[in-house]
Protein chains: 2
Amino acid sequence: MRPSVGIRDVAQHAGVSNATVSNVLNRPDVVAPATRQRVLAAIEELGFVRNESARQLRAGSSRVIAYVVLDAANPFFTDVARGVEDAAREAGLALFLCNSASDGGREREYLELLHEQRVEGILITPVDAESAQIAERGTPVVLVDREATDGTRCSVAVDDVLGGELAVTHLIENGHTRIAMVGGPLSIQQVRDRRQGALRALTNAGLPADSLTFLETRSLQVAEGRGAGERLVGLPASRRPTAAFCANDLLALGLLQSMTQQGLRVPDDLAVVGYDDIEFAAAAAVPLTSVRQPREQLGRTAAQLLLTENEPDHEHRHVKFQPELVVRASTAIKRRP
Amino acid sequence: MRPSVGIRDVAQHAGVSNATVSNVLNRPDVVAPATRQRVLAAIEELGFVRNESARQLRAGSSRVIAYVVLDAANPFFTDVARGVEDAAREAGLALFLCNSASDGGREREYLELLHEQRVEGILITPVDAESAQIAERGTPVVLVDREATDGTRCSVAVDDVLGGELAVTHLIENGHTRIAMVGGPLSIQQVRDRRQGALRALTNAGLPADSLTFLETRSLQVAEGRGAGERLVGLPASRRPTAAFCANDLLALGLLQSMTQQGLRVPDDLAVVGYDDIEFAAAAAVPLTSVRQPREQLGRTAAQLLLTENEPDHEHRHVKFQPELVVRASTAIKRRP
DNA sequence: CCTCGATGTTGAAACGTTTTAAAGCCTGAG
DNA sequence: CTCAGGCTTTAAAACGTTTCAACATCGAGG
């Protein structure tokens with residue numbers, strides 16, 4: 001099953017030393033064309049596959065970076081990952097994706113493993129603030145979609161406070177004064193920031209802070225959005241919000257579904273704003289107004305920062321992008337009946 | 001930056017031999033409690049992180065499997081991946097995700113890298129038939145969502161021919177006789193199989209084969225679905241199909257969007273069936289009728305097969321699941337006006 | 001007091017590469 | 001004919017673990 005043909009088998013078969021085989025693998029130009037051919041033929045014939053562990057042990061570098069993603073099922077993160085991969089590929093690195101699935105334990109396990117693997121660098125969208133503290137143990141770490149509070153590492157983020165403000169300001173301009181915010185858990189920095197932005201929008205408009213009903217969810221997934229929809233409809237009509245700002249598009253889609261199911265109409269009975277502007281937002285039952293983030297650029301930039309990490313004069317940087325509101329049908333202004 | 005503290009530094013610091021440190025790491029029960037404490041303290045103090053390359057080089061096994069996915073942005077695959085991860089985790093293995101993004105070149109690179117890394121096993125949904133042939137070079141490989149034609153490896157698939165048949169039979173039963181199939185490229189086995197199923201449905205119903213207009217797309221992504229929508233509407237009304245079967249839900253969502261944009265109504269002007277029944281299908285502008293596949297089970301089973309792969313008496317198995325039609329609004333029967 | 005088995009610990013040999021310094025070989029100039 | 005210098009090739013020493021056989025130590029049983 002595993003004949004385990006090594007570099008020395010190849011060498012013997014080609015009638016050269018193992019050093020020469022190694023040269024063919026790593027510096028093909030340095031070895032004479034004739035010998036090179038012979039060695040390549042031997043490699044082919046024996047089905048030799050270089051043992052990366054041994055290579056890495058001796059050479060010290062790994063040619064791999066990893067992205068520990070918060071939720072692989074969320075298209076937002078796969079778009080970020082695409083950006084990461086493009087940049088990594090340009091630098092000749094491969095990307096391994098790890099899914100923490102919002103589970104701090106998994107996240108820790110993956111980080112440990114990646115450290116042990118001595119990957120060239122780690123990108124991570126951490127589960128919560130604590131895990132963001134994770135000590136750097138020799139492997140460079142860059143935070144993605146989260147700002148590093150201390151100066152111990154680079155980070156790439158989007159201004160979530162501004163994003164929340166944009167969303168809710170838009171709702172206020174459309175005449176809404178009772179607004180729900182759906183999102184959670186609050187241990188997630190983004191949720192807190194977006195809520196803070198929402199509150200700022202109220203303040204700016206001179207509305208009282210209790211104009212915002214916060215519906216906390218256990219995760220940022222579609223099912224939780226549906227649950228929030230039921231809770232929302234359960235509220236007494238007099239206090240029921242006329243608009244909802246969701247902490248991400250998955251929640252918004254779930255909310256939308258739940259509204260339809262319960263016979264309420266969007267935007268007439270409830271206006272909805274999502275966040276992320278994932279591709280499916282535009283294809284939703286009611287095309288979703290959403291706060292767009294530069295997803296791929298986020299990933300691309302993060303990877304680039306990571307690559308500068310072991311330059312001698314490296315200083316940790318914190319890049320922050322601006323979000324942008326994309327208006328669609330889910331917040332069309334209410335028609336007079 | 002990289003003090004590179006090794007097992008012997010720890011040993012020295014704790015006043016034991018490196019063998020003992022290794023024992024603490026791998027067989028904690030065999031070393032006396034007092035010594036163990038001392039070693040653990042030293043590890044903590046020095047911030048030692050085991051070098052996985054060296055471990056693997058010596059020990060031979062890697063505790064990692066990988067899934068080379070066809071399109072990480074397609075929720076279908078992330079759901080499969082969830083199943084894979086659950087099963088892997090139960091077996092104490094970590095999962096690395098690699099995204100070939102339907103690019104044969106990338107796929108080959110990743111496979112090469114994974115072979116070199118000596119991962120415990122590889123799951124792959126291959127880009128095309130050729131790449132499915134990829135020689136096994138010591139690392140067990142299991143095909144996911146694709147049937148292995150030769151008996152050289154295990155595979156887990158869903159009956160795509162049946163799926164296509166279910167979809168189109170449903171359309172025929174709803175009275176459609178001019179049907180479009182949207183999908184491609186034809187190098188993808190699934191697309192071919194689903195088309196074959198569609199044709200079989202026609203035959204069963206006694207309809208001529210040219211009742212099916214095949215609109216080939218360049219990929220299975222939303223944007224291509226939109227493109228197909230435009231082509232569809234461009235057809236002369238007399239020949240224009242009244243229903244479309246899409247090779248996956250992403251195409252169907254794109255098609256849907258394009259219809260709405262062009263002022264046509266689903267299902268009245270065009271009935272639409274998707275494939276995969278991803279979560280977003282139910283939340284679409286018009287909830288999508290779709291062919292559901294047991295996504296997580298697919299992944300879970302694949303991982304389990306992979307784990308049996310180096311049992312002594314292993315025989316390659318081909319598991320095949322049955323798809324199931326989920327009917328929603330996008331194929332509701334046309335009302336008499 | 002000796003032996004034996006159990007329990008902990010260790011020295012040293014792998015594992016399969018890369019890398020470095022040096023050795024061979026050749027060609028053409030002196 | 002010799003030798004400098006360029007081009008190829010090589011022997012051997014790492015890299016940081018795990019593992020195995022062997023070595024202490026100790027208490028109990030004879």
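Chain letters run A, B, ... following the sequence lines, proteins first and then strands; every chain starts at 1.
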* Tell me, please, which residues at least two apart from B/His314 pass ring-ring contact (aromatic ring centres under 6.0 Å, His included). => B/His316
Polar atoms only, N or O, under 3.5 Å: list the protein pairs with nucleotides 19-23 of chain D and their distances.
{"from": "D/dT19", "atom 1": "OP2", "to": "B/Arg27", "atom 2": "NH2", "distance (Å)": "3.1"}

* Minimum side-chain heavy-atom gap A/Leu70-A/Val127 below 4.5 Å -> yes
* Asked: Which residues satisfy the side-chain hydrogen bond (donor to acceptor under 3.5 Å, both in side chains) test with A/Gln56, sequence neighbours excluded?
  -> B/Ser53
* All pairs passing ring pair (Phe, Tyr, Trp, His ring centres under 6.0 Å) where residues 75-107 of chain A contributes a residue, at least two apart -> A/Phe96-B/Phe96
* For A/Tyr67, does its backbone N or O pair with a side-chain atom of A/Tyr110 as donor and acceptor, under 3.5 Å? -> no
* Structure fact -> side-chain hydrogen bond (donor to acceptor under 3.5 Å, both in side chains) pairs touching residues 73-83 of chain A, sequence neighbours excluded, are A/Asp79-A/Arg82, A/Asp79-A/Arg295, A/Arg82-A/Glu296
* **Single hit among B/Val141, B/Ile65, B/Val68 for side chain to side chain contact (heavy atoms under 4.5 Å, CB included) with B/Leu114** => B/Val68
* Listed by chain and number, what are the salt bridge (charged side-chain N to carboxylate O under 4.0 Å, His left out) partners of B/Glu109, not counting sequence neighbours? -> A/Arg89
* Asked: How close do A/Asn26 and A/Pro28 get, heavy atom to heavy atom, and via which atoms?
  -> C-CD, 3.6 Å
* Angle between terminal axes - the helix from C/dC1-D/dG30 to C/dG30-D/dC1, 5 pairs each end, rounded to 10° -> 60°
* Asked: Could you give all pairs that pass the salt bridge (charged side-chain N to carboxylate O under 4.0 Å, His left out) test and reach residues 41-68 of chain A, with sequence neighbours left out?
  -> A/Arg50-B/Glu116, A/Glu52-A/Arg55
* **Where chain A begins and ends its contact with DNA chain C, read 5' to 3' at 4.0 Å from heavy atoms** => C/dG16 to C/dT19
* Taking DNA chain C as the partner, which of residues 29-56 of chain B come within under 4.0 angstrom of it by heavy atom? -> B/Val31, B/Ala32, B/Thr35
* Among residues two or more places apart or on two chains, list those pairs meeting side-chain hydrogen bond (donor to acceptor under 3.5 Å, both in side chains) that have a residue in residues 27-40 of chain B. => B/Asn23-B/Arg27
* With sequence neighbours excluded, tell me which residues meet salt bridge (charged side-chain N to carboxylate O under 4.0 Å, His left out) with B/Asp145. => none
